[in-house]
Amino acid sequence: MSRARYHRLSSILLILLIGTSALAPSVFAQSSGAPTPESLKIITHNVWYGFTKKSEPRYSDWKRWMKAQSPDVVSLQELNSYTDERLQADAESWGHSYSVLLKEDGFATGVTSRYPISDVKRIRQGFHHGLLRCRIQGIWFYVIHFHPSNFQWRIDEAALLKEDVRSLPEKNPKVVLAGDFNGFSPDDKPQYDSDQRLVPFFDGLDQKNARARNLNNGSLDYGGIQAILDQGYTDLVASRRSPHLPFVGTFPANLVSDQEHGSDRRLDYIFVSPSLTEYVDSVAILRDRCTEMLSDHLPVTATIRLRESADRLSVFASEPTLLQETGAGEGPAWHPDLGLLTSGEGNINRRTPDGEQTVWFPGAGSNGLRFDDRGDLIICQSAKRRLVKRRQDGSLQILAAEYQQMKFNTPNDLTIDAKGRIYFTDPRYGDRSTIEMHDADGREVEGVYRVDPDGTIERVITHEVDRPNGIAITPDNRYLFVADNNNNNRRGGARKLWRFNLNPGGDIDAATQTLIYDWGATRGPDGLKLDIAGRIYVAAGLNRPNLPFETADPSTAGIYVFSPQGELLEFVAIVRDEVTNCTFGGSDGKTLFVTAGGTLWSLRTTTPGQGF
């Protein structure tokens, strides 16, 4: 990676909740001498009464979801009725060999890990639920579940926590506090001050229970979380939260919408000590359609970098080069004889391997393009709200024009799996007055559809994502990636890249919905492609803000490259807005073509693309 590109990436990652600090390999090493992993992905989740309430399908879904997230350390609360054996069985279901349970009575906490757990301490004296402490990869983990209804008790528990941290053998220990703190953060005070329901709700609870002290003289109390902050810890969600996005809480989730639990608030946190702050790569509240139904609390995740890979090399072998100024708005697709086809100015345009530009299919009204195995071109003909095939003789075959007697919104992008099944996205940007696609409850649907070789059309995603755009499938049909980019009609719309497990029949396993990356308040992901190593190349971001819905401070437009596991590996800037799509091509498949604001760019890669 060039020095200029590295600095551009660094500034972008700071805004997008990604850090770039490098660590010496020995900083987090443990006495076992085992190699230090590059990072630790942490998830904390209050699972609600040990799955004794509304147990299925959520318990099975939760275990599949946890496996799909591929965490390294999991902090759990409310493991009611759990035994050591049951927690270990759960841990093994998502690939963890190590687990520790605080207790086998009451509201237990627990921790599971991919790596060995040492220095375990179970503290019950003075704590309402107890405190579990252990060490993993040189980091001290405290699994937190503070008192649910007494603000003073939470302050006292924070003081006891402080005492135990002081007893640790290091002078500046690396500490993670993860769990359900049941308290209010002063960083969230503006949200709570504007909430007219919260204080009356807690006042009602205090009146019903003489032992409860939710309110402090009729007001919300911030003392428990303030006591943690006063010890020097960083609240990761608050520290990385964009001021341009709406407040997101962790409780109550939709699973308990049939009960009165008050309005949205943040109870679940991950804090880190000062010695870890600069090594935090990412943090997120995992709030989506899947997690809303796993528990009454939402999970929180963070990734801490332990060391930089010594052998990580750039996937790019050149800087971006501008090839043409017009005609390349969307849908690049490479053909070895034709060259590159792009959607632009209402046509499908051709750029030959020698660089000659012509209009190949006038008036196509297209967006996404892809050649099938026979060399026919599959077209998202968005202007006519349909998916078509243009055969090599120039004839057109309509593959999908409606679903359940409703016209599609605007077919946008497509991919083809190893069985020849076509998947396409159907969002609606701009004018929504002509939308026909609705679900059984009358709610608008911006979905993802599958067209089987026999012509059968199935909807595979209904509301699991906000507004689907780009789409890709791994060659083994194991994963489906969907770019979720609701960027033009409401503040706080999704700008996320998701991954789903695919079932053999071609449907998603909704319980495996996994967040790969969140672009926050800027423009989200658009088109995406895979290379033969399984890396994902995503066109996203903006150079200039598009207010009120999209920010660009600093510029974030370009190609983002993720590992097969979802780690951001590299970024290359494209200076034109909007960066819409990309595809691999050239004689060796190592040229990445990028469409951006009607312009066409190329850059060389070290690895060929898949099915270019």
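Residue numbers count from 1 along this sequence. What you see is a predicted model, and the numbers here were worked out from it, not measured in a lab.
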Under 6.0 Å from the NZ atom of K389, do we count more than 12 heavy atoms belonging to anything else shown? yes
Parallel, tilted or perpendicular for W94 and W62, by the 30°/60° rule? perpendicular
Check whether any side-chain heavy atom of R114 sits under 4.5 Å from a side-chain heavy atom of V73, and report yes or no. no
Does R604 reach the side chain of D588, with side-chain heavy atoms less than 4.5 Å apart? yes
Evaluate side-chain contact (heavy atoms from CB on, under 4.5 Å) for D61 paired with L294, printing each intermediate quantity in order. CA-CA 7 Å; D61 287 348; L294 295 179; 4.0 Å; yes
Rounded to the nearest 0.5 angstrom, the CG-NZ distance for N581 and K529 is 4.5 Å
I'd like to check H463 versus D439 (side-chain heavy atoms, cut-off strictly below 4.5 Å). Are they in contact? yes
If you look only at pairs with a residue in residues 398-413, which of them pass as a salt bridge (charged side-chain N to carboxylate O under 4.0 Å, His left out), with sequence neighbours excluded? none
D373 CG: over 12 foreign heavy atoms closer than 6.0 Å: no
The single option from N469, N409, N487 that satisfies side-chain hydrogen bond (donor to acceptor under 3.5 Å, both in side chains) with Y429 is N469
May I ask you to decide if T410's main-chain N or O and S382's side chain share a donor-acceptor pair within less than 3.5 Å? no
Donor-acceptor contact below 3.5 Å, side chain R64 vs main chain K67: no
Looking at S433, is its backbone amide N or carbonyl O close enough to the side chain of D431 to form a donor-acceptor pair, meaning the two atoms are under 3.5 Å apart? yes
Quick one: does D296's side chain get under 4.5 Å of F251's, heavy atoms only? yes
Compare every heavy atom of L530 with every heavy atom of I473, then report the nearest pair and how far apart it is. O-CD1, 3.6 Å
Flag the pair W498 / L515 as yes when at least one side-chain heavy-atom distance between them is below 4.5 Å, and no otherwise. yes
Flag if over 12 foreign heavy atoms under 6.0 Å of CZ, R391: yes
Out of R58, E56, K63, which residue meets the side-chain hydrogen bond (donor to acceptor under 3.5 Å, both in side chains) rule with S60? E56
Does any N or O in the side chain of R385 come within less than 3.5 Å of the main-chain N or O of F408, such that one atom is a donor and the other an acceptor? yes
Supply the atom-to-atom distance R523 CZ to N543 CG, rounded to the nearest 0.5 angstrom. 11.0 Å
I348 backbone acceptor or donor facing S366 side chain under 3.5 Å: no
Side chains of Q397 and S395: is there a donor and an acceptor less than 3.5 Å apart? no
For the residue pair R390 and F361, would you count it as a cation-pi contact if the rule is NZ or CZ under 6.0 angstrom from the ring centre and within 45 degrees of the ring axis? yes
Could you walk me through whether W334 and T591 satisfy the side-chain contact (heavy atoms from CB on, under 4.5 Å) test, starting with their C-alpha distance in whole Å, then the side-chain angles of each, then the deciding distance to 0.1 Å, before giving a yes or no? CA-CA 10 Å; W334 175 264; T591 298; over 6 Å; no
Using modelled atom types only, decide if a donor and an acceptor are shared between the side chain of E578 and the backbone of L542 within a distance under 3.5 Å. no
Can you tell me how far apart OG1 (T291) and CD (Q513) are? Round to the nearest 0.5 Å. 7.5 Å
Rounded distance (nearest 0.5 Å) linking atom CG of L399 with atom CD1 of I457: 8.5 Å
Could you walk me through whether S39 and K41 pass the side-chain contact (heavy atoms from CB on, under 4.5 Å) test, one step at a time? CA-CA 7 Å; S39 62; K41 180 179 179 180; 6.0 Å; no
Side-chain contact, heavy-atom cut-off 4.5 Å: Q69 with V74? no
Hey, is D518 close enough to R240 for a salt bridge, meaning N to O under 4.0 Å? no
State whether Y59 and R86 meet the cation-pi test: NZ (Lys) or CZ (Arg) under 6.0 Å from the six-membered ring centroid, and within 45° of the perpendicular axis. yes
Show, in sequence, the C-alpha distance, side-chain angles and deciding distance for H45 and L286, and conclude whether the side-chain contact (heavy atoms from CB on, under 4.5 Å) test is met. CA-CA 10 Å; H45 200 197; L286 297 177; over 6 Å; no
Just verifying a value: how many Å separate N501 CG and N477 CG, rounded to the nearest 0.5 Å? 12.0 Å
Atom pairs and distances, side-chain donor-acceptor, residues 532-541, under 3.5 Å, sequence neighbours left out:
residue, atom, partner, partner atom, Å
R535, NE, D531, OD2, 2.8
R535, NH2, D531, OD2, 3.2
R535, NH2, T607, OG1, 2.7
Y537, OH, D531, OD2, 2.8

Which value, rounded to the nearest 0.5 Å, describes the distance between T512 atom OG1 and M66 atom CE? 13.5 Å
Taking E464 for the side chain and T462 for the main chain, is one N or O donor matched with an acceptor at less than 3.5 Å? yes
Donor-acceptor pair, S555 side chain versus A557 backbone, under 3.5 Å? no
Should we count NZ of K384 as having more than 12 external heavy atoms under 6.0 Å? no
In plain terms, say whether R495 and D466 are close enough for a salt bridge, that is, a side-chain N and a carboxylate O under 4.0 Å apart. no
Member of D426, I471, L480 meeting the side-chain contact (heavy atoms from CB on, under 4.5 Å) criterion with I461: L480
Just one of H261, H297, M293 clears the side-chain contact (heavy atoms from CB on, under 4.5 Å) bar with V256, so which one? H261
So do the side chains of T514 and Y479 get within less than 4.5 Å of each other, counting heavy atoms only? no
Main-chain N/O of N349 paired to N347 side chain as donor or acceptor, under 3.5 Å: no
Residues D484, K496: salt bridge by 4.0 Å N-O rule: no
Show your reasoning for whether salt bridge (charged side-chain N to carboxylate O under 4.0 Å, His left out) applies to R432 and E446. CA-CA 11 Å; R432 304 177 66 81; E446 296 179 81; 3.1 Å; yes
Side-chain donor/acceptor of D452 to backbone N/O of G455, under 3.5 Å: no
May I ask you to test the C380-R386 pair for a side-chain heavy-atom distance under 4.5 Å? no
Plane angle bin for W519 and F562 - parallel if under 30°, tilted between 30 and 60°, otherwise perpendicular: perpendicular
